[in-house]
Engineer: 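Sending over a structure as structure tokens; questions will come in a sec.
Only a predicted model underlies this, so the values are computations on that prediction, with no experimental measurement involved. In what follows, chains carry the letters A, B, and so on, assigned in the order in which the sequence lines appear, proteins first and then strands, with residues in each chain numbered from 1.
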Amino acid sequence: MVGTGRWVVTSAWPYINTVPHLGNLIGSVLSADVFARFLRMFGEDVIFVSGSDEHGTVIEVEARKKGIEPKELTDSAHEYVVKLWKAWNISFDNYTRTENEVHKKYVRDLMLKIYERGFISRKDQVIPYCPNDKIYLPDRFIEGTCPYCGFEGARGDQCDNCGRLLEPHDLINPRCVFCGSKPEFRLRTHWFFRLDLLEGKILEWVLNHDMLDANVKNFTISWIKTTGLAPRSVTRDNRWGIPAPFPNSEDKTIYVWFDALLGYISATIEYLAKQGRENEWVNYWFNGSAKTAYFIGKDNIPFHAVILPAMLIASGDPYNLPTIISATEYLMYEGKKFSKSRRVGVWIDEALKIVDNPDYWRYALIRMRPEDKDTNFRWVEFVRFVNNELNDHIGNYINRTLNLIYRFFNAQVPNISTLDDEDREMLDLIDRSWSDYVNLMSRARIKAASEAIVKLGERGNQYLNRKSPWFKIKEDVESVKTTLYVSFLNSVTIALMLTPITPYSAAKLLDMMGIEEVKLSFGDKPSKFIKENHRIKKPTPIFSKIPQELAEVLIDEEKREKYLERIREQVNLERPEVLRY
RNA sequence: AGCGGGGUGGGGUAGCCAGGUUAGCCCGCGGGGCUCAUAACCCCGAGGUCGGUGGUUCAAAUCCACCCCCCGCUACCA
């Protein structure tokens with residue numbers, strides 16, 4: 001449970017050869033941001049880190065195609081993405097990159113430590129090499145004719161036509177996907193991380209972990225129990241990456257996966273060092289002194305539930321193993337997978353061109369967060385979340401409440417008078433919803449937690465309608481006082497719950513409600529913010545709807561595609577050269 | 001192919017793990033009400049037998065078996 005003070009919150013490091021799309025965002029960065037903000041709201045000491053993952057074959061080849069150095073490519077891509085995080089109001093303490101020196105040194109040191117402790121071994125492998133591009137090709141980067149079905153576009157790992165598993169040398173007429181030339185097969189030495197030696201420890205850790213989500217836990221247990229853990233290669237024949245630190249490994253780099261995972265720690269080190277707190281990072285990483293939370297997509301589970309803990313254990317240092325691994329399922333786009341090559345989906349720079357208030361996107365994305373299963377991003381749903389839920393049920397409800405207080409009681413929140421059953425029921429619901437919200441958020445069940453907000457908005461409207469204070473004010477002022485106090489408390493509760501999700505708007509709401517500083521402890525109730533003679537400011541609507549005309553365009557498939565086409569062209573021009581289509 | 005997750009009215013979902021009131025909720029749709037509020041809000045109604053088949057049971061959306069479909073991982077794509 002939360003409440004113990006110190007946290008490192010992280011999200012998977014975006015691979016920087018593309019702009020992230022909405023699915024990437026909800027799975028990692030946005031979820032992590034909401035969680036970090038939630039913890040900070042309760043006064044926890046949080047360091048929220050991530051960074052651009054910039055090494056690996058894909059970027060190396062991409063850069064070569066453009067005739068530039070990989071670093072030039074990642075420099076400008078990184079800069080652009082950093083701007084986008086600002087626009088999305090992501091509260092990183094340190095958004096860094098795998099090319100930073102602290103990181104490179106940290107990775108080399110840690111890998112060497114693992115090596116010295118006997119968890120790295122060497123083995124020779126036959127690897128395809130493109131003599132034209134002068135790179136070694138991962139399986140997926142070889143194409144050829146399938147020996148079983150004759151399909152010409154089969155890849156080195158599998159034939160997409162007949163589904164058979166292949167080895168690169170099975171292919172007839174193999175060719176490099178980048179340039180089409182025929183690869184050679186060369187014998188290379190590689191270094192392997194001995195996951196097999198850590199199998200027992202990982203299994204024990206997972207089995208005894210009571211905070212892991214079922215999808216993470218089940219996956220890991222079954223992986224270990226069915227196939228067991230095998231040594232995994234940690235080196236590559238790339239030039240673009242972190243040089244491997246092992247004896248005689250001068251021409252190798254560290255496989256990007258291992259590289260990027262260790263960024264969580266190096267980013268913490270870098271952050272604290274910049275503040276002149278060089279030695280304090282161990283207070284966030286060693287001896288159970290802090291909790292760590294990782295926000296990832298489901299494809300990332302093996303790396304965070306097995307490989308990362310394995311490396312931390314293998315180092316021999318007393319690292320904290322993951323407290324929370326929150327792995328979302330996938331966000332689909334109108335029934336299809338997001339796909340850069342097929343232009344299916346919406347990218348995070350495009351999104352803000354369509355609707356510029358990031359709070360609306362943040363709200364909608366959290367509401368459709370694929371917490372238990374794949375979820376569709378559908379534009380009708382997006383409009384519904386923003387217009388109907390956030391604007392009507394929540395925003396308008398708060399506006400009603402504040403207006404009534406402003407008009408009937410001259411901006412002063414009335415004290416509670418006598419309570420009837422309905423009042424008690426509402427107060428009880430507020431109470432329960434608040435604790436549900438806090439409990440669910442504490443376990444990173446963000447979407448589930450957000451349901452409490454909607455519920456309070458809906459029930460608040462019902463309550464107000466039944467109580468009809470605008471009618472009763474003429475005959476029963478005492479009951480109106482109670483109604484408006486209860487409704488105000490409900491509004492404050494909603495605003496607090498919105499704080500991590502829609503930070504700009506929630507801050508405006510709280511300000512309007514006369515609440516200046518939000519400092520909570522676990523166990524606190526929202527009522528603590530309602531002072532004696534509490535006064536509010538003149539209410540104005542905080543949320544507005546997506547305009548009718550735009551909503552119609554977005555919902556109609558044909559109109560939408562034309563519209564998105566224009567947006568894409570426009571956004572494309574604003575992107576740095578290296579990130580354009 | 002194996003493993004994991006999922007398939008609930010037009011859309012989105014809760015329930016299933018600890019089987020038992022007329023399968024709950026939101027949107028949409030039809031009808032009504034209210035007027036404090038952002039053409040908002042509230043109430044009523046139509047609409048589902050819970051992917052398919054078979055089984056266990058007095059009783060299954062909930063347990064078991066098989067099948068179909070979707071997603072992911074295994075598969076050095078980061």
Engineer: Students often get this wrong, so: under 4.0 angstrom with heavy atoms, is A:S468 touching a base, only sugar-phosphate, or nothing?
Structural biologist: nothing
Engineer: Using a 4.0 Å heavy-atom cut-off, does A:E451 contact any base of the nucleic acid, only the sugar-phosphate backbone, or nothing at all?
Structural biologist: nothing
Engineer: Give me the one residue out of A:D359, A:I542, A:I394 that meets side-chain contact (heavy atoms from CB on, under 4.5 Å) with A:L498.
Structural biologist: A:I394
Engineer: So what is the 5' to 3' dot-bracket string for RNA chain B, if pairs are Watson-Crick or G-U wobble with both distances under 3.5 Å, crossing pairs use [ ] and | means the partner sits on another strand?
Structural biologist: ((((((((.[[[[.)....(...]]]].(((((.......))))).....[[[[[..)....]]]]])))))))....
Engineer: Answer whether the closest heavy-atom distance between the side chains of A:T482 and A:K467 falls below 4.5 Å.
Structural biologist: no
Engineer: Angle class for the A:H21/A:W347 ring planes (parallel below 30°, perpendicular above 60°, tilted otherwise)?
Structural biologist: perpendicular
Engineer: Can a donor-acceptor pair be found, under 3.5 Å and without considering hydrogens, that links the side chain of A:T74 to the backbone of A:K71?
Structural biologist: yes
Engineer: Just by distance, do the side chain of A:T98 and the backbone of A:A260 share a donor-acceptor pair under 3.5 Å?
Structural biologist: no
Engineer: Among B:rG5, B:rC27, B:rC36, which nucleotide has an atom closest to any side-chain atom of A:E329?
Structural biologist: B:rG5
Engineer: Counting side-chain heavy atoms from CB outward, which of B:rC36, B:rC41, B:rC73 is closest to A:D392?
Structural biologist: B:rC41
Engineer: How close or far is atom P of B:rC42 from atom CD of A:E422, stated in whole angstroms?
Structural biologist: 14 Å
Engineer: Whole angstrom is fine here: how far is it from CZ in A:R407 over to C1' in B:rU35?
Structural biologist: 10 Å
Engineer: Starting the side chain at C-beta, find the nucleotide from B:rC36, B:rC76, B:rU38 nearest to A:W470.
Structural biologist: B:rC36
Engineer: Do A:E54 and A:W13 come close enough that some side-chain heavy atom pair is under 4.5 Å?
Structural biologist: no
Engineer: Looking only at atom C1', what distance separates B:rG55 and B:rG45, rounded to whole Å?
Structural biologist: 39 Å
Engineer: For the side chain of A:S50 and the backbone of A:S11, is there at least one donor-acceptor N/O pair under 3.5 Å apart?
Structural biologist: yes
Engineer: Figure out the CG/P separation between A:L390 and B:rU38, and round it to whole Å.
Structural biologist: 16 Å
Engineer: Decide yes or no on side chain to side chain donor-acceptor pair (under 3.5 Å) for A:R236 and A:T57, but give the supporting numbers first.
Structural biologist: CA-CA 9 Å; A:R236 288 293 179 275; A:T57 310; over 6 Å; no
Engineer: Could you please name the option among B:rG12, B:rC36, B:rU38 that lies closest to any side-chain atom of A:P541?
Structural biologist: B:rU38
Engineer: Expressed in angstrom and rounded to an integer, what is the separation of A:E371 atom CD from B:rA14 atom P?
Structural biologist: 10 Å
Engineer: From the list B:rU13, B:rC42, B:rG28, which nucleotide is the closest neighbour of the side chain of A:H393?
Structural biologist: B:rC42
Engineer: With a non-hydrogen cut-off below 4.0 angstrom, is A:G297 in contact with a base, only sugar-phosphate, or nothing?
Structural biologist: nothing
Engineer: Can you identify which nucleotide, out of B:rC36, B:rC26, B:rC41, has its nearest atom closest to the A:R384 side chain?
Structural biologist: B:rC26
Engineer: Given the C1' atoms of B:rG2 and B:rA60, what is the spacing between them in whole Å?
Structural biologist: 30 Å
Engineer: Relative to the ring of A:F377, is the ring of A:Y333 parallel (under 30°), tilted (30 to 60°) or perpendicular (over 60°)?
Structural biologist: parallel
Engineer: Whole-Å distance between B:rC73 P and A:I325 CD1?
Structural biologist: 17 Å
Engineer: Within the 4.0 Å heavy-atom criterion, would you say A:T401 contacts the bases, only the backbone, or no part of the nucleic acid?
Structural biologist: nothing
Engineer: Is the phosphate of B:rU13 approached by A:T375 (side-chain N or O, under 4.0 Å from OP1 or OP2)?
Structural biologist: yes
Engineer: OH of A:Y330 versus C1' of B:rC73: gap in Å, rounded?
Structural biologist: 9 Å
Engineer: Just call it for A:N388: base, sugar-phosphate, or nothing, with non-hydrogen atoms closer than 4.0 Å on any strand.
Structural biologist: sugar-phosphate
Engineer: By the 4.0 Å heavy-atom rule, please label A:F543 as base, sugar-phosphate, or nothing.
Structural biologist: base
Engineer: Give the nucleotide from the list B:rC41, B:rC73, B:rC36 with an atom nearest to the side chain of A:N461.
Structural biologist: B:rC41
Engineer: Remember a base hit wins even if backbone is also touched, and classify A:N403 as base, sugar-phosphate or nothing at under 4.0 Å, heavy atoms.
Structural biologist: sugar-phosphate
Engineer: Please work out if A:M332 contacts a base, only the sugar-phosphate, or nothing of the nucleic acid, heavy-atom cut-off 4.0 Å.
Structural biologist: sugar-phosphate
Engineer: Rounding to the closest angstrom, what is the interatomic distance between B:rC64 and B:rC17 at atom P?
Structural biologist: 9 Å
Engineer: Under 4.0 Å: is that the gap between some side-chain N or O of A:Q462 and OP1 or OP2 of B:rC43?
Structural biologist: yes
Engineer: Strictly under 6.0 Å, is that where the ring centroids of A:Y264 and A:H304 end up?
Structural biologist: yes
Engineer: May I have the distance from A:E458 (atom CD) to B:rU13 (atom P), rounded to whole angstrom?
Structural biologist: 16 Å
Engineer: Using whole Å, report how far NZ of A:K298 lies from C1' of B:rU74.
Structural biologist: 14 Å
Engineer: Which of the following nucleotides, B:rC42, B:rC34, B:rC76, is nearest to the side chain of A:S233?
Structural biologist: B:rC76
Engineer: Give me the residues of residues 547-557 of chain A where at least one heavy atom lies under 4.0 Å from an atom of RNA chain B, by number, or none.
Structural biologist: none
Engineer: Using 30° and 60° as the class boundaries, would you call the ring planes of A:W379 and A:F382 parallel, tilted or perpendicular?
Structural biologist: perpendicular
Engineer: Can you check the distance between B:rA23 and B:rA75, where both ends of the measurement are the C1' atom (answer in whole Å)?
Structural biologist: 42 Å
Engineer: Taking only the C1' atom of each, what is the distance from B:rG5 to B:rC41 in whole angstrom?
Structural biologist: 40 Å
Engineer: Is the backbone N or O of A:V107 less than 3.5 Å from a side-chain atom of A:D259, with the two atoms forming a donor-acceptor pair by type?
Structural biologist: no
Engineer: Remember a base hit wins even if backbone is also touched, and classify A:R378 as base, sugar-phosphate or nothing at under 4.0 Å, heavy atoms.
Structural biologist: sugar-phosphate
Engineer: In terms of side-chain heavy atoms of A:R232, which of B:rC36, B:rC42, B:rU74 is nearest?
Structural biologist: B:rU74
